[in-house]
Amino acid sequence: MNLERIMQVDRRIIYLFVAAGTILPIIFVIGLPVSITPPTQMAFDRIENLKQGDVVIVSFDYGPSSAPENAPMADAFLRHCFSKRIRVIVIALYPLGGLSEAVNELNKVVAEFPDLKYGVDYVNLGYKDGAQAAMRKMNENIHEVFPTDVQGTPISRIPMMKNVKTYADVKLCVSLATGIIGEWWANLVNAQFGLPVIVGPTAVSAPKYYAYLEAKQMAGLLGGLKGASEYERLVVDKYPGLAKVYATPGLYTATKGMDVQSIVHLIMIAFIVLGNVVYFTGRRKPRKAA
Amino acid sequence: MRKQVPLLLTFFAGIIPIIALFVPEKHVNTVSTTLDSWLIIVAGFALLLGVVNVIQMNTNKIRRKSSGWPYAIVLLAGLAIMGFFGFAGAFNAFGGIATRPDGSSTPFDWLYQNAFLPLQGTMFALLAFFMASASYRAFRARNVEATILLIAALIVMFGRIPFGEMVTKWWPLTTEWIMSKPNMAAQRGIMIGAGLGAASMALRVIVGIERSYLGLGKGE
Amino acid sequence: MLVSSRNRIFSLSLAAILLAVIPFLVFSARADGQPPPEQAGSTQIAEAAPAVESTAVQPPAVQGLTAADTPSDEGGSVTVEWTEPTNAVQLGLTYKVMRADGPEGQYVEVGQVPAGESEYVDAGLTDGKQYRYKVLSVVGPGVAESAPTLPAFPRGNWFRTFRLNALVLLIVFSGSVLFYIARARGGKPIYIRKIAGLSAVDEAVGRATEMGKKILYIPGIMSIDEIQTIASLAILGHVAKLSAQYNADLEVPNKDPLTFAAARETVREAYLEAGRPDLYREEMVNYVTYDQFAYTASVTGKMVREKPATNFLIGSFYAESLLLAETGQSVGAIQISGTAEVAQLPFFVVACDYTLIGEELYAASAYLSREPVLLGSIKGQDLTKLLLMLALGLGVILESFGLAYVKDAFRMQ
């Protein structure tokens, strides 16, 4: 029966449609509009309210596998901070690839702000093992947790770190996370030491973070690729000079990624609705005797 | 003795971080953070154990020519090549394991960027396809709960993309409401329950009542 | 819930007493943050010192200057507090905190505090040494000096008083668990509700034996310091014993080396206990790789090639949960999953036949072994959950009237 065949459709047909929905919007860019949600707005306002010279930690708690979601968030935060001349301490706590992501993204964004000086406006302190232990210890002495920066320079010789020793000297931490490390920033560092925290998790983990956001343990939340695209839009609206950067052809941005996500969502919704229509029609038809 | 020592170690390893939470005394905190470091060191040695096991199993497979044995050769070759360049890089041969100062890639870094990362990304990308087939199969309005699930899923999926706002401005607002109220309440409920369950399990392990993870059975 | 009516009355009375006592304890602990009367000369009421001669605005001096050991810390710190003059912020005052080391020391500046704040925590001091403090109110060239405090002696404290509520909850929780364990040891039968996933374990292992195919047990991807992994190993022991009894083919691929070592012991002991050590083979428990997706590729490949009859996906999972579950579903295996990772539960629910949600995973070892002592701990945990639910309900009602007692009692610092 025709309907039965649709119900049991070979999953490879579904995969084919999803593949088309993933590849075509990348080739033929659509440019769908982006609407802002409150959690992203909160994150943006929090950074927007910081002053020039304030110190912010940006923690790379993700690896290459979730880079398509987390890297645009990292870029957007870094561009926002550098546009406001907020000083940034970059660290990495994710063991498999966190450091390489930190190095790549930082170098990429810093190249767009040629008047920034390493060690004065930003620093990369590298990777530290044992995330939880490191996060706890940073409350007592950041210099002990990161005795050198990523290039091996002793931290005592880095100008901007002279007066930054504990969380009390830092205004905010932004964690770009996949997995549990982002949660630890919210339920360990913020809960026990009071440091305001913004987390940019992957979309699959984002629902969990709403609990922390509502409990005011987080100052903002960027839920997955959508959150990243919203933040990009906010940053470009506020700092039009960045629009040129985001319009670079061939550059992967969250907004471009959202086009793909939107189309794939539509395909999945279509299949779900089709499946239910077929299911209900099949139930209504009188059963023919075998 | 064989069972007393692990149980005693478990007791101390469990009770010290709990004490450190309440007692600010310097030495307690030192012991607690040292324990954290020891875990990392022990895990490093266990990794050696794992690698030995991998090599053993795959050489056996090749020797016995069991099904799929050519792939065992590929696996061992991969292990050997990456391992060699990684070790050599640790002693600064070939320029190390990251990119060289002039921007060119060391062999280890090249393999990482051009073989390892694309493979990892491919596996993660499979999720999109599996999610489509899983949701097609599972989101059928079979009963009341399944119908509520279906409607909530459709609202959130549509509200997350620009088309939702194009239809009506209430759609993304409803999506946000579902995410931040019922979803968050359910997540909190599960988190609290799981937290209590974990605490109960931890208490059993620390006190020594739960021993199955040590391989000790009933009454041992 | 597991409690009978007599126990219900007991529980409710206990809850009422605790809910009355906890806020009292918390608030009195906060009051105890003030230096205790017997501490050597730590308080001194400062009088307004004569202002320094100047033609500019004369700032008022601070009043009520006190210096005392910082409570609930590991030592080496003194907290200096004062009462600000009422127009401090309008005048744009800055406070300079001066410290003198020892009875003969000179005063030096150790910190500056803007108007609007009336506290300074001086750290990095030596325990047991004497320190005296003064605070200068400064605006422009005008300076007003407070009278000095009596000596303060920093010392390490033995208890973080602001975590008293956590300690009380810990005692209540441990107390109820240990109480019910003791009762269970005394032979009292304990009821636990049916958990579908765990009741299906026997059937799942039997299915694999009948079909002559493999059982694949995946103990999650985290290490043994994750409590879900320990819970998973408890279930693995049970599954291994069953597969020894039924002579089924079991395989346990591991991502984490510590879990691998522990799982090997668990399976070996289980086969020994079942009386079939001859059936145990070293290759049953193997180590794959430390990378999350390489491990997933290996396991899903194994599923597609060898088509296991039964999959157990029990433990802590992250992004690979759907990859594993959906592949298992596509090859027709019966799948029992269990995790406390809230984000992955929907994927397991959709693709697996049975899912253990959160605490059901932790209750599994008690459920499967039916040991009274373990069942007793489940009951104790349920009692604490009941108390928490009552506290939540009470808290919601009080909050609706603007009374924050319960919320403050549960605040964790």
Side-chain angles (χ1 to χ4, degrees), chain B residues 18 21-26 28-29 39 42-43 45-51 53-54 56-57 60 67-68 116 119-124 126-127 130-131 133-135 137-139 187 190-205 207 209-210 212-218, chain C residues 72-75 156-160 163 166-167 173-174 177 181 223 225 227 230-231 233-234 237 257-258 260-262 265-266 268-269 273 283 286-287 290-291 293 296-297 305 319 322-323 326 340 342 347 350-351 357-359 361-363 365 369 371 373-374 377-378 380-381 384-385 388:
Chain B
I18 295 178
L21 187 69
F22 295 107
V23 175
E25 216 276 336
K26 256 196 291 281
V28 173
N29 281 298
L39 174 64
V42 171
F45 278 100
L47 189 57
L48 224 71
L49 179 67
V51 170
N53 180 263
V54 165
Q56 259 178 349
M57 275 198 45
N60 281 342
S67 76
F116 185 67
L119 286 169
Q120 219 185 33
T122 308
M123 285 304 295
F124 208 165
L126 284 177
L127 276 175
F130 282 8
M131 230 174 301
S133 67
S135 51
R137 194 186 57 245
F139 286 153
Q187 300 245 355
I190 299 181
M191 276 201 266
I192 293 176
L196 280 174
S200 168
M201 177 109 203
L203 185 63
R204 297 203 297 267
V205 168
V207 170
I209 297 172
E210 177 79 58
S212 39
Y213 67 98
L214 283 175
L216 299 171
K218 255 195 269 214
Chain C
S72 304
D73 71 337
E74 64 175 41
N157 307 100
W158 283 99
F159 184 69
R160 293 194 166 105
R163 291 207 177 135
L167 183 64
F173 173 77
S174 312
V177 168
I181 288 177
S223 187
D225 62 334
I227 199 100
I230 299 184
L233 290 176
L258 286 172
F260 158 64
E265 282 305 305
T266 307
R268 201 204 322 256
E269 284 299 320
E273 208 185 304
E283 309 89 69
N286 56 67
Y287 177 75
Y290 198 70
D291 181 70
F293 288 107
T296 310
R305 285 190 304 272
L322 184 61
L323 293 172
E326 188 65 7
V342 183
F347 301 128
V350 153
I357 297 179
E359 57 204 303
L361 169 66
Y362 299 119
S365 67
S369 65
E371 260 185 65
V373 165
L374 296 177
S377 74
I378 306 289
Q381 155 197 342
T384 311
K385 204 198 303 188
L388 282 178

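Residue numbers begin at 1 in each chain, while the letters A, B, ... track the order of the sequences. Atoms considered below: every heavy atom in the structure, side chains included; atoms not considered: hydrogens, waters and symmetry mates.
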Option in V177(C), I357(C), I227(C) with maximal non-hydrogen atom pairs under 4.5 Å from chain B: I227(C)
Sort out for me which of V373(C), L388(C), L167(C) touches chain B most, counting heavy-atom pairs under 4.5 Å.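 Sorted descending by pairs with chain B, the first entry is L167(C).
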If you define the side chain from C-beta out and look only at heavy atoms, does anything of [X] sit under 4.5 Å from [Y]?
X: F45(B); Y: P257(C); result: no
X: E359(C); Y: L196(B); result: no
X: M131(B); Y: F347(C); result: yes

Which bit of [X] comes within less than 4.5 Å of chain C, counting heavy atoms only: side chain, backbone, both or neither?
X: F116(B); result: side chain
X: M201(B); result: both
X: S133(B); result: both
X: V28(B); result: neither

With F124(B), which residues qualify under ring pair (Phe, Tyr, Trp, His ring centres under 6.0 Å), at least two apart? F293(C)
Who pairs with Y290(C) by ring pair (Phe, Tyr, Trp, His ring centres under 6.0 Å), at least two apart in sequence or on another chain? none
Would you confirm whether R204(B), through its side chain, and L374(C), through its main-chain N or O, come within 3.5 Å as a donor-acceptor pair?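 It does not hold such a pair.
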Give, as side chain, backbone, both or neither, the part of F159(C) having an atom under 4.5 angstrom from any heavy atom of chain B. both
